[in-house]
Amino acid sequence: MLLAVVSLAASPGGRQARQLAPPDPDAEAAAIAQIVTAAEVAAWGRAHEDVHALLVAARMLDEVRTRPQSGDEPFLTAEALLQEVERMAGGDPAIRAEILRLRTQEKGVRASAFGPGPIVLVRRVRARETFGFEIEARPNEVLRVAAIGDGDTNIDLVLRDRAGTVLCSDSSMDHYPVCTIVRPRGGPLRIEVVNRGSVWSRVQILTN
């Protein structure tokens, strides 16, 4: 579902596709799922010092266009992961060749499968702080929201309706919670990103 973030105007982002597919809310929801999966794969790769896992995560992110909002630049990107791979791999010629291939391959047509891509908002959330904002949800479309932290602390995610009723909550002990509401009623919804830890964290928030 294409969402309008209240008081935050959308701005163009990501790579320009040569042929843009018409907006597909369900495809954008799938894009968010792919980004979160890439975050999980990247976290596994860091924990196991596995550059190949980071390369897989980079390829997954490279397929998705996004629409960043004003504020900090997204930190979970294909290029950021490739820079991590460069530091981990040293002078390995095979890894260097794969990095070059990913940086120079043709872009655009593949990425357009996800349409314009999800909206991305990056904020710094203080320790034990809740950052909240409203969106306008369109009826009868899948709504998916994710909040990807930078890995320093536990991040939770809550979706509420106008009356304050919790529609979805992800309080898993990780830093990439996801909420999905299938075919919701339209209208304003409040997104709350909660930093449960004792240190501040950058959080990359995604909505379709």
Side-chain angles (χ1 to χ4, degrees), residues 1-11 13-14 17 20-44 56-57 59-69 74 76-77 110-123 125 130-149 154-196 201 203-208:
M1 166 176 35
L2 184 62
L3 302 176
V5 180
V6 175
S7 78
L8 294 167
S11 62
L20 293 180
D24 184 342
D26 289 347
E28 290 176 6
I32 293 173
Q34 180 156 317
I35 292 170
V36 173
T37 301
E40 295 173 335
V41 172
W44 187 93
V56 169
R59 287 199 296 269
M60 295 174 72
L61 292 174
D62 196 49
E63 291 181 349
V64 182
R65 298 175 67 246
T66 60
R67 292 173 285 159
Q69 308 297 295
L76 179 65
T77 65
R110 182 188 59 236
S112 68
F114 290 115
I119 291 170
V120 179
L121 176 68
V122 179
R123 286 292 183 270
V125 185
T130 296
F131 169 68
F133 62 99
E134 288 191 346
I135 59 174
E136 187 71 22
R138 297 171 67 176
N140 302 318
E141 295 178 353
V142 173
L143 166 62
R144 181 162 292 144
V145 182
I148 301 172
N154 179 31
I155 302 295
D156 289 353
L157 181 64
V158 180
L159 269 58
R160 301 180 187 271
D161 64 15
R162 174 177 281 173
T165 303
V166 175
L167 303 178
C168 178
S169 176
D170 185 342
S171 56
S172 303
M173 297 295 293
D174 59 30
H175 60 274
Y176 23 71
V178 182
C179 271
T180 302
I181 303 176
V182 180
R183 310 301 172 193
R185 297 174 60 183
L189 294 177
R190 181 169 177 80
I191 297 174
E192 295 179 352
V193 178
V194 186
N195 182 348
R196 298 292 186 191
S201 176
V203 183
Q204 194 161 310
I205 306 163
L206 302 139
T207 69
N208 63 320

Scanning both residues in full, the closest heavy-atom pair of P118 with R65 reads CD-O, 3.4 Å
I'd like to check R185 versus P139 (side-chain heavy atoms, cut-off strictly below 4.5 Å). Are they in contact? no
Evaluate the side-chain proximity of D161 to L189: yes if any heavy-atom separation is below 4.5 Å, no if none is. yes
Quick one, D156 and S171 - any side-chain contact, counting heavy atoms below 4.5 Å? yes
Report the distance from atom CD1 of I32 to atom CD1 of I205, rounding to the nearest 0.5 Å. 11.5 Å
Side-chain heavy-atom pair T37, M60 within 4.5 angstrom cut-off: yes
Out of the candidates I181, V158, T207, I119, only one should pair with V145 under the side chain to side chain contact (heavy atoms under 4.5 Å, CB included) rule; please name it. T207
To the closest 0.5 Å, what do you measure between CD (E134) and CZ (R162)? 7.5 Å
Side-chain donor/acceptor of N154 to backbone N/O of R196, under 3.5 Å: no
Validation row: V120, I35 side chains within 4.5 angstrom (heavy atoms): no
Apply side chain to side chain contact (heavy atoms under 4.5 Å, CB included) to the pair L143 and L159, showing each step before the final yes or no. CA-CA 10 Å; L143 166 62; L159 269 58; 3.8 Å; yes
Between the side chain of D170 and the main-chain N/O of V178, is any donor-acceptor distance below 3.5 Å? yes
How many angstroms lie between atom CG of L206 and atom CD1 of I148, to the nearest 0.5 angstrom? 5.0 Å
To check you understand the geometry: which heavy-atom pair defines the closest contact between L76 and A39, and what is its length? CD2-CB, 3.7 Å
Mind listing the closest non-hydrogen atom pair of A38 and A57 along with its distance? O-CB, 3.4 Å
Can you check side chain to side chain contact (heavy atoms under 4.5 Å, CB included) on V203 and R123, steps first, answer last? CA-CA 5 Å; V203 183; R123 286 292 183 270; 5.6 Å; no
Quick check for you: to the nearest 0.5 Å, what is the distance between F131 atom CZ and E192 atom CD? 11.0 Å
Using every non-hydrogen atom in the two residues, find where T77 and P74 come nearest and quote the distance to one decimal. CG2-O, 3.7 Å
I'd like to know if the side chain of Q34 and the backbone of V64 have a donor-acceptor N/O pair within less than 3.5 Å. no
State the CZ-OG1 distance between R190 and T165, to the nearest 0.5 angstrom. 14.0 Å
Minimum heavy-atom distance between T180 and R144, given as atom pair plus value: OG1-NE, 2.9 Å
With a 4.5 Å limit on heavy-atom distance, are the side chains of N195 and I155 in contact? yes
